[in-house]
Amino acid sequence: MKIGIAADHGGFELKESLKKFVEQLGHEVKDFGAFALDNADDYPDYVVPLARAVAAQDVVRGIAVCGSGVGAAIAANKIAGVRAALINDHYSAHQGVEHDDLNILCIGGRVSGIMAAQDFVEGFLGANFTGEERHKRRLQKVSDLEK
Ligand code: RB5
């Protein structure tokens with residue numbers, strides 16, 4: 001899959017590491033920045049372009065990292081068609097895709113260690129939406145809010 005990735009200074013180090021990990025899993029990675037550590041940068045400047053690319057299906061899924069993952073999730077969810085969530089456990093990483101068609105995984109670079117973050121990414125990228133009627137019905141109720 002073509003995977004987009006983005007981070008501010010709070011997630012920069014983890015992003016750089018996860019980028020290599022995602023490539024090792026066999027995916028193509030498009031990096032939306034930051035491209036250097038800048039302690040004065042702002043997460044929307046990287047997360048919103050990533051979210052727009054996910055919504056436009058330029059990339060299939062996204063990974064957004066900031067210090068806590070909270071700001072990244074808030075910003076990404078402002079873009080119609082994006083279903084982003086802050087993930088701190090393996091179950092939610094795959095179940096979020098299976099039930100809720102999660103398309104942007106948000107991680108806290110100051111919260112999750114590299115091994116945990118890799119585990120979340122693997123769960124997220126390895127999962128598929130079930131397409132079950134009850135899940136589609138719920139997602140329709142959510143996407144109706146974007147109209
Ligand atoms: C940056 O210091 C920090 O506020 C940001 O990375 C993020 O944690 C926001 O949610």
Side-chain angles (χ1 to χ4, degrees), residues 1-129 135 138-147:
M1 286 192 283
K2 190 171 177 183
I3 307 300
I5 195 162
D8 71 350
H9 58 281
F12 181 75
E13 196 182 334
L14 185 58
K15 172 180 78 76
E16 292 302 295
S17 171
L18 287 177
K19 197 169 142 180
K20 292 189 201 110
F21 180 69
V22 172
E23 282 167 350
Q24 281 164 11
L25 290 176
H27 301 285
E28 183 189 344
V29 178
K30 180 166 181 183
D31 192 344
F32 289 81
F35 298 106
L37 181 62
D38 173 1
N39 285 320
D41 68 7
D42 302 324
Y43 59 83
D45 295 338
Y46 310 107
V47 172
V48 172
L50 166 67
R52 290 195 198 285
V54 170
Q57 299 183 333
D58 292 339
V59 294
V60 180
R61 290 185 198 171
I63 298 167
V65 193
C66 66
S68 62
V70 172
I74 290 171
N77 277 316
K78 294 292 181 191
I79 305 303
V82 165
R83 294 171 296 278
L86 169 58
I87 296 296
N88 284 310
D89 69 278
H90 179 80
Y91 174 76
S92 302
H94 65 84
Q95 196 254 19
V97 177
E98 291 156 1
H99 289 202
D100 309 314
D101 209 8
L102 178 72
N103 55 14
I104 297 189
L105 175 79
C106 301
I107 306 177
R110 297 173 181 155
V111 179
S112 298
I114 181 62
M115 298 311 289
Q118 287 183 359
D119 181 56
F120 306 156
V121 165
E122 210 162 1
F124 171 64
L125 296 181
N128 292 302
F129 180 55
H135 297 140
R138 291 161 192 162
L139 279 172
Q140 188 61 51
K141 290 182 182 184
V142 175
S143 60
D144 283 349
L145 297 169
E146 293 174 344
K147 288 177 192 158

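Predicted model, so just to flag it, every value in this text is computed and none were measured. Each ligand, and each atom within it, is numbered from 1 in the order the structure gives. Values below: all heavy atoms of this structure, side chains included; hydrogens, waters and symmetry mates excluded.
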Check ligand 1 against the protein and report each N/O to N/O distance under 3.5 Å, formatted as atom name, atom name, distance.
from	atom 1	to	atom 2	distance (Å)
ligand 1	2 (O)	H9	NE2	3.1
ligand 1	2 (O)	R110	NH1	3.3
ligand 1	2 (O)	R110	NH2	3.4
ligand 1	6 (O)	D8	OD1	3.4
ligand 1	6 (O)	D8	OD2	2.6
ligand 1	6 (O)	G67	N	2.7
ligand 1	8 (O)	G67	N	3.2
ligand 1	8 (O)	S68	N	2.9
ligand 1	8 (O)	S68	OG	3.3
ligand 1	10 (O)	S68	OG	3.2
ligand 1	10 (O)	G71	N	2.8

With sequence neighbours left out, what residues match R52 under salt bridge (charged side-chain N to carboxylate O under 4.0 Å, His left out)? none

Under 3.5 Å, is there a donor on one side chain and an acceptor on the other for H9 and N39? no

Does a side-chain N-to-carboxylate-O contact under 4.0 Å join K147 and D144? yes

Where do D101 and R83 come nearest, in terms of heavy atoms and distance? O-NE, 2.7 Å

Looking only at heavy atoms, the pair that brings G109 and L14 closest together is CA-CD2, 3.9 Å

Just verifying a value: how many Å separate L102 CG and F129 CZ, rounded to the nearest 0.5 Å? 11.5 Å

